[in-house]
Amino acid sequence: MKKSTVKKLLVAMLSFAMVFAMAACGGGSSSGDEGSSEGAAGALKIFNSKMEIQDVFEGELADAYEAETGVPVEVYYSSDTVAAHLSTKYASKDPYAVNMVDEKDLYSLAKEYGADMSDMDWVKDTNYAVTVDDKVVGYPVCVEARGVIYNATAIENALGEKFDPASIKTLDDFKAICDKLVKAGMETPTSIMKEDWSLGAHYLAQFIEEREDVDGYVASLKAGEAKVIEDAKFNALMDTFDVLKEYNMWKGQEGSAERELSEQALAEGKIAFMFGGNWDFAMMKDFDYTGGAGMMPVPQNVQDDYTGKLVGGGSKYFYVDASEGTSAETQQAAKDFLAWFASSETAQKFVSETCGMVSPFGSNTVTCTDDLGASVKGFADADMLIPNYPGFPDDHYSVIGAEMQKYLAGQCTREELATAIENYWKAQA
Amino acid sequence: MNRNTFSYKLRQILMFAGPGTILFFAVVVVPFVYGLYLTFTSWDGVSAHKPFVGFANYAAAFSDGAYWVALGRTAIYSIFAVVFINILAFALAYLVTSGVKGQNFFRAGFFVPNLIGGIVLGYIWKFVFNRAYVAIASAITGGMAISPLSTTGGAMFCLIFVSVWQYAGYMMLIYVAGFMSVSDSLKEAAMIDGCTPSQAMRNVTIPLMRSSFVQCIFLSITRCFVVYDVNLSLTKGEPFNTSVLAAMHVYNQAFTYKNYGLGQAEALILFIVCAAVGITQVMIGKRGEVEA
């Protein structure tokens, strides 16, 4: 009798063990890059969504912060979509104290969970802080801008004369230099990426962003009043797009344009121009880079207040979590970290030198080591950046990007593209 | 010990069926019911608030043109993929059970594509179509070939091709088991009665393998309807969003466009369509099954 009780007990324990072991397997972290949320006691938990700086962020910077302030920091990264990953953390009541998100996410996540940082000193030191419901919740991590990337070395080698990007003011100037490059033997001086985010959210979006009353124009698009095909800005940008298409290294096979190959061609000086942003440098520098790359505005024949400026602004923002999952002390520790990240020499060097990012803070005078970043920094310091418009719907880049892909591949006319844009906005009303 | 008491039976049930039942509830029933609840909210996937909206998401799903186009595209993709997967798998199974030299090696070889994950497989084939194919075709024709992935029909063809390549080896194993289960004596008897080999195949072997067909077709239909990994890594919906299949549309709707409730409602419709097709096929298939 006794023996059978022991046996029963063993069987019961075994089955419980199995259930819990399997439940534990299921509940564990699914992606290897997303560390366990159980950190060392008292460590400040930071979520980073810029993959390219994860190694130095969790290593070099975290160590430096602990050495200077005595506060341990743990930096996490996830390959998951930012909003999806953070919503999991909120659902499990285990949020990060500091979260790095895209501007769009601030209006959903930080609106609900973000701590008010209005009274902090760094707010006065930047033009890029984001305010939601009268509270400063978005702390800019870096500045990014889009425009035409040029390779001055390639141009100078081909033409045998000095290249001054400021000399390319209009589309006619741009076309003239492309013709000269072709004559000098560079068969296809430009490249256009086929990615929907590049075409839809970065290129085409400019025609909405480069105007005085962006909200008013979007409202008239939604009301079906604005005629896109008659819009001077739209036509100016599409004229430039046509020229980029004409000299495109992917001409005839636009749909196969691979981003890495375009970046490689530009870095190695096989082409001279590509529409893109300073983030492209991270890839360009890994190829046989000739040096001499920089950014210039998209040349257009319409001259207005926006001529000579890049479109850009803060990219990636920190917000401090103020939900019940983060105590008041931890929130203060998070704010202290952000204050340090903006003003300490160590952090400024980290941003501009180690990561090659463009600092959004005026007090950071460390020279940016990244060529495109240095170029963007020049525009930012001269107040020559046109702000990104944060009000595009979430599916805008995909739906309009697909229409731009059609236009790029010659499968629709400019009129059809304009109609598609009008229809898209009317459906948003 | 009295084995007829209620408590004894309950303990037995809990001991043997309990762990499985708990797991089944935890990973299938609870998420399903919770998902069902989310279809009645306008949750964005992030917020702590989940406003109740009744059947609005279902109404929105029925009027979401892009979803129905994606679902129609998935049906076309599935029809072609299922037919070719099964034809190829059957042919391969016949080949590797016919006594050809090194047939065990071939069995393993044909099965290998199934061991590579869909994401990796998509990237491998993307390279093949975008680079290798273009280079070879350009060299042969002397002109500039374009990648099939950059054309509307071409992208769908590539999706079907890669799926067939991926699943044919797996289905082949089921057909191999089917072939082995048909006794040689039956085939011999048919031949003695005057059947040609092809008649024996048609009238004896294939009818006796009906359960293999039912299984393979069921598996391939259900897998094709919810395919996402190959779709993501091979075409990513391009060109011009013309290769977005239903699962990708649902994912985008829920996570990229932040309409979680709507995405969940569309996922439920996809599940119902998939289950209806699968169950109908199994019922029809089982009806005429022959017991040997």
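Naming: A, B, ... by sequence-line order, numbering from 1 per chain. Model, not experiment: these values are computed from the prediction.
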Contacting region of [X] [heavy-atom separation from chain B under 4.5 Å]:
X        : answer
A/Glu254 : neither
A/Ala409 : side chain
A/Glu258 : side chain
A/Leu408 : neither

Looking only at B/Ala145, B/Ala254, B/Ser150, the option with the highest number of non-hydrogen pairs under 4.5 Å against chain A is B/Ser150
Find the one option among B/Phe129, B/Phe16, B/Phe240 whose heavy-atom pairs under 4.5 Å with chain A are most numerous. B/Phe240
Using every non-hydrogen atom in the two residues, find where [X] and [Y] come nearest and quote the distance to one decimal.
X        : Y        : answer
A/Asp394 : B/Thr256 : CB-O, 3.5 Å
A/Asp196 : B/Glu238 : N-OE2, 4.5 Å
B/Pro239 : A/Gln405 : C-OE1, 4.2 Å

Please check if the number of heavy atoms outside [X] that lie under 6.0 Å from its [atom1] is greater than 12.
X        : atom1 : answer
B/Phe80  : CZ    : no
B/Phe271 : CZ    : no
A/Lys104 : NZ    : yes
A/Lys111 : NZ    : no
A/Phe287 : CZ    : yes

Atom group of B/Val134 that falls short of 4.5 Å from chain A, counting heavy atoms: side chain
Is a salt bridge present between B/Lys258 and A/Asp105, judged by a nitrogen-to-oxygen distance below 4.0 Å? yes
Without swapping roles, check the side chain of B/Asn241 against the backbone of A/Ser398 for a donor-acceptor pair under 3.5 Å. yes
Student check: side-chain heavy atoms of B/Leu149 and A/Ser256 closer than 4.5 Å: no
Candidate pair B/Thr242 and A/Lys406, rule side-chain contact (heavy atoms from CB on, under 4.5 Å), full reasoning: CA-CA 11 Å; B/Thr242 53; A/Lys406 279 188 204 163; 5.8 Å; no
